[in-house]
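Quick notes on the structure that follows.
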Amino acid sequence: TKSSHDYNPDIESRTPPYPKLLKRLHEVRRLLGSARQLTLAEKILYSHLDNPEESLLSNTDNGLNIRGNANLKLKPDRVAMQDASAQMALLQFMTCNLPSTAVPASIHCDHMIVGERGADVDLPESIKGNKEVFDFLESAAKKYGIEFWPPGAGIIHQTVLENYAAPGLMMLGTDSHTPNAGGLGAIAIGVGGADAVDALVDAPWELKAPKVLGVRLEGQLSGWSSPKDVILHLAGKLTVRGGTGFIIEYHGPGVDSLSCTGMATICNMGAEVGATTSLFPFSVRHIPYLESTHRSSIALQAQTIASTPSLQNLLRADQGAQYDELITIDLSTLEPHINGPFTPDLSTPVSKFAEAVKTNNWPQTVSAGLIGSCTNSSYQDMARSEDLVKQASAAGLRPAIDFFVTPGSEQIRATLDRDQTLSTFEEAGGIVLANACGPCIGQWKRTDGVSKGDNNAIFTSYNRNFRGRNDGNPETMNFLASPEIVTAMSYAGSTTFNPLTDSITTPTGTQFRFSPPTGAELPPSGFEVGNPDFLPTSGAPSPSTPVVVSPTSDRLAILEPFDPFPDHNLTGLRVLYKVQGKCTTDTISAAGPWLKYKGHLPNISANTLIGAVNAATGEVNVAYDVDGSSSSIPELAQKWKDQGLEWLVVAEHNYGEGSAREHAALQPRYLGGRVILAKSLARIHETNLKKQGVVPLTFENEKDYDLMDACDEVETVGLYEMLKSGGEGSVSLKVKKKDGTEVEIKTKHTMSNDQCGFILAGSALNLLAKMKRS
Ligand code: MIC
Ligand code: SF4
C-alpha cells in the first residue's frame with residue numbers, strides 16, 4: 001500500500017525543458033532581430049514552436065505582423081485531462097495505435113462526482129455509479145503511461161497547480177479553465193480532446209498567434225478585496241467576448257502583492273472573457289509556493305533564469321514590450337464585486353449591489369452559499385473564510401442557509417483538516433463536499449426544498465453561472481463572488497446585505513459587524529499529502545494492459561470515423577434551428593445528468609441543443625419540421641439523419657461560449673450537422689468544430705441573421721473550392737426560403753490550410769490516420 005511518506009513525484013517530467021526553451025528563444029531572437037521586444041506570452045509561446053522560421057516568417061510581413069496573423073505550430077510540454085473530457089480524448093487517441101503518449105500527461109477524476117450529502121457518502125456512491133468509466137480511464141492511463149489521479153484526488157486545475165504548472169511551461173488541458181496554471185507562469189490552454197490528441201501523438205498543435213492584452217496592476221489589495229475581484233471586475237469591463245483572440249498578460253508593480261494561488265484564480269476565470277489564456281510573470285511569490293509543493297528545484301531554476309540577463313528574460317516580458325491593448329487596474333481602490341445572474345460579465349461592485357437587487361427585482365433572500373471549486377479553494381481562500389466563520393461563531397451566529405465547502409484537492413483538504421479549518425466550518429453547520437467539481441458542474445442534488453422552477457439566488461465562489469448549471473433549475477440565479485463575500489452572505493441570508501458596512505442581529509439582540517478577513521497565504525506547517533489512496537499512479541507505460549470497452553455498454557462506445565467531405569459543394573442542407581441569444585456549450589451539450597454519457601456519442605447526442613431558444617417562437621428545445629410538425633431539437637436532428645438530410649444551425653454572438661466540451665461539436669457532427677453559421681464564435685468551440693469536420697462560418701453582415709429561418713434550404717457557394725485551396729477565397733450561401741424566394745448570404749471564415757484538411761478528410765482524426773498510413 002502507498003503511504004503519504006512515499007510520495008516522490010517524478011520531478012524531471014515536471015520540470016519545463018528550460019535548456020531547450022532557451023535555445024529556441026535564442027533562435028526566435030535571431031529571426032526577429034535582437035532589438036525586438038517581446039511580451040512574456042510571446043516568449044513562452046514562440047519558444048515552443050516546432051519550426052520557428054516557418055511559423056514566424058510566413059504570412060507575417062517577414063515577422064513584422066505575427067500577432068493575429070501567424071499560424072503557430074506548437075509543441076506543448078504536457079497534457080492534462082479531466083474524467084468527462086478524457087473519455088473522448090482517449091477514445092480518439094486509441095484510434096492512433098501508439099504504444100504510449102509522446103508527452104507527459106495526466107488524468108483527473110473530478111467531474112463525475114456528486115455533491116449532495118458530504119464527501120463520505122458522495123464519493124463512494126459516485127465511484128460505484130461510474131465504475132465502468134473510471135476503470136476504462138485507469139486502464140488506458142496505465143497502458144499509455146498517463147498519471148492517473150483517482151476520484152477523490154481533487155479538481156484538475158488545483159492538482160495541476162500543485163504538481164505540474166511551472167514558470168515557462170506550455171501545456172494543453174481538455175477543460176476551459178486550464179489557464180488556471182498561468183498563475184504559476186505557465187501558458188496553459190483549454191482545448192477539446194482532438195487537440196489534446198495532437199500533443200499526445202507529437203503532431204504540432206496549431207494556434208492562430210494571439211494578440212496580447214496587457215493588464216497592468218498597480219497598488220495593492222487590502223481588506224475585503226481579493227484576487228477574485230480583479231477578474232470579476234475585468235470580466236465586467238471586457239464582457240464574455242472581450243478576450244477572444246487574446247492572451248491576457250498581467251504585469252506591473254501590483255503583481256508581487258498577490259499570492260501565487262490568487263494569481264491562479266485570476267487566470268482561471270480569464271476563460272469567462274473568452275481569452276486564449278492568461279498568465280503572470282515569474283514572481284517572488286512563486287518561490288514559496290513551489291517550495292511548499294515539493295518543487296524547490298524548479299523554483300531554483302526559474303529564479304536563475306529570471307535573474308540572469310544572458311538568459312534573455314525567458315520568464316518575464318522585455319522592458320518596453322508592446323501590448324495590443326492595455327488596461328490598468330489599481331488594486332488599492334478595487335472593491336469586491338458580485339457577478340451575475342446567468343452571465344459572468346454582469347459585474348456589480350458590492351456597494352451598489354443592494355440597489356441592483358431592487359432595480360432588477362432579484363430575490364431578496366440567498367438560498368445557499370457555496371465556496372471552493374477549482375477557482376477558489378486555496379489555503380488562503382479557506383483561511384480568510386474561516387476567519388469570518390470564527391468571528392460569526394464568537395458572536396453566536398450560524399449560517400442562515402446551507403453552506404457548502406468544496407476543497408480543490410486532497411492536499412488542500414488534508415491540510416485544512418489538520419489545521420482545523422474544516423472543523424470550524426463543520427461546527428458552524430457547513431457541509432464539506434468531496435474534492436471534486438460537484439455543484440459547479442450540476443452534480444448537486446439540493447435538499448433544501450428549492451425545486452425546479454423556483455426563483456432563488458445562490459452565492460458561489462465559482463467561475464461560471466449559466467442558467468441551469470448548478471442544480472438544473474433554470475430559475476436559480478448564481479451570483480459569483482470571492483469566497484469571503486459568499487461566506488459573509490451565507491450568514492446574512494439576504495442579497496441586500498453589504499458585509500463591509502452592514503450588521504447582523506445576533507441571538508442576544510446585539511449588532512454584529514464582520515471585520516475584514518485575514519488569513520495565511522500558505523500553511524505555516526506545510527502541506528499534508530493526505531490519503532495515500534488519492535496519490536497518482538506512475539507515468540510509466542505498461543503496454544500489455546487491456547483496455548476494455550464493452551460493445552453493449554451504454555456509457556462507452558468506440559468511435560466510428562466520420563465520412564469525408566463530398567467532392568463538391570454542399571447542396572440540400574437545411575436549417576435545423578435558428579437560435580436566439582446566448583448559446584453556450586451548456587446549451588449545446590448540457591452537463592448534470594448527461595455527464596454519464598460523455599464516452600458514448602450516440603447516447604449523449606440525445607441532449608443536442610436542448611437548451612437553445614427558438615428564434616421564431618421563443619420556445620426552448622422545440623423544433624419544427626418542414627411540414628410544421630414539432631419535436632425536440634435532437635429528435636428532429638435524428639429524424640433528418642435517418643432521412644440522410646444534412647443540416648446547419650444559425651445563431652447569434654459567441655456561439656459555443658464557455659467550455660472546452662468537444663461534445664458540443666461532436667454531437668451535431670454525428671447527427672448530420674455540417675455548418676454552423678453565427679454572428680460570432682467562441683475560440684475553443686470554433687476549433688473543436690473544425691477538428692470534427694463541421695464548418696464554422698460567420699455572417700459578413702450581421703443583419704443577415706434576420707433573413708434566415710428554420711427549414712430554409714441552403715447550398716454552399718465557394719466552400720468546396722475554398723477548402724481545396726487551403727483557405728483561400730470567399731464562401732457564400734444560397735438560401736431558398738419556404739415561399740420559393742432566394743437570398744444570398746455572404747460569410748466569413750478563419751480556416752487555415754491544415755484545418756481545411758480536417759474538413760475534407762471528415763475530421764482531424766481521419767487526416768491524422770491518413771497521414772500515418774501514407
Ligand atoms: C465547465 O466548467 O464547464 C467544465 C465542465 O469543466 C467544462 C468541461 C467539460 O464540459 O467537459 C470546461 O470548462 O471545459
Ligand atoms: Fe470543475 Fe467547475 Fe472548475 Fe469546471 S469550473 S473544472 S466544473 S470546478
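Positions are given from 1 along the sequence. In listed order, ligands and their atoms are each counted from 1. No hydrogens, no waters, no symmetry mates; every other heavy atom, side chains included, goes into these values.
Closest protein heavy atom to atom 2 (O) of ligand 1: Arg469 NH2, 2.7 Å. The protein heavy atom nearest to atom 13 (O) of ligand 1 is Ser176 OG, 2.5 Å. For atom 10 (O) of ligand 1, the closest heavy atom belonging to the protein is Arg661 NE, 2.4 Å. Nearest non-hydrogen protein atom to atom 7 (C) of ligand 1 is Ser659 CB, 3.3 Å.
Shown here are the protein N/O/S atoms lying under 2.8 Å from atom 1 (Fe) of ligand 2, water excluded: Cys437 SG.
No donor-acceptor distance shorter than 3.5 angstrom exists from the side chain of Asn465 to the backbone of Phe479, with no hydrogens or angles considered. Gln92 places a side-chain N or O within 3.5 Å of a backbone atom of Met88 that can act as its donor or acceptor partner.
For Thr406, no heavy-atom contact with ligand 2 is shorter than 4.0 Å. Using a 4.0 Å cut-off between heavy atoms, Ile441 contacts ligand 1 through its side chain alone, with no backbone atom that close.
Within the 4.5 Å cutoff, the side chain of Asn478 has no heavy atoms near those of the Arg469 side chain. Thr487 is listed as a side-chain neighbour of Phe403, based on a closest heavy-atom distance under 4.5 Å.
Ring geometry for Trp444 against Phe404 counts as perpendicular: the plane angle is over 60°, on a 0 to 90° scale with 30° as the lower cut. Below 30°, between 30° and 60°, or above 60°: for Tyr379 and Phe527 the angle between ring planes is above 60°, a perpendicular geometry.
Salt-bridge check for Arg464 with Glu272: passed, with a basic side-chain N closer than 4.0 Å to an acidic carboxylate O. Between Arg467 and Asp586 there is no salt bridge, since no side-chain nitrogen of the basic residue lies less than 4.0 Å from a carboxylate oxygen of the acidic one. Contact check on Glu686 versus Arg683 returns no salt bridge, with no Lys/Arg side-chain nitrogen under 4.0 Å from an Asp/Glu carboxylate oxygen. Under a 4.0 Å N-O distance rule, the pair Lys596/Asp554 does not qualify as a salt bridge.
In this structure, Gln82 counts as a contact residue of ligand 1, since one of its heavy atoms falls inside 4.0 Å of the ligand. At least one heavy atom of Arg469 sits less than 4.0 Å from an atom of ligand 2.
For ligand 1, the atoms sitting less than 4.0 Å from at least one non-hydrogen atom of Ala660 are 12 (C), 14 (O), numbered in the order shown with element in parentheses. Every atom of ligand 1 is numbered from 1 in the order shown, and the set under 4.0 Å from a heavy atom of Lys598 is 10 (O), 11 (O). Within ligand 2, the atoms closer than 4.0 Å to a non-hydrogen atom of Asn463 are 5 (S), numbered from 1 in the order shown. Residue contact check: His111 has heavy atoms under 4.0 Å from atoms 4 (C), 5 (C), 6 (O) of ligand 1.
Taking any N or O of Asp586, backbone or side chain, none lies under 3.5 Å from an N or O belonging to ligand 1. Looking at ligand 1, you won't find any N or O of Ser85 less than 3.5 Å from one of its N or O atoms.
Ranked by closest heavy atom to atom 3 (O) of ligand 1, the top entry among Met81, His157, Arg464 is Arg464.
The nearest pair of heavy atoms linking Ala235 to Asn339 is CB-ND2, 4.1 Å.
In summary, the aromatic rings of Phe342 and Phe466 are positioned with their centroids too far apart to meet the 6.0 Å limit.
Shown are Asp381, Thr265, Thr375, Asn376; of these, the side-chain hydrogen bond (donor to acceptor under 3.5 Å, both in side chains) with Lys228 is made only by Asn376.
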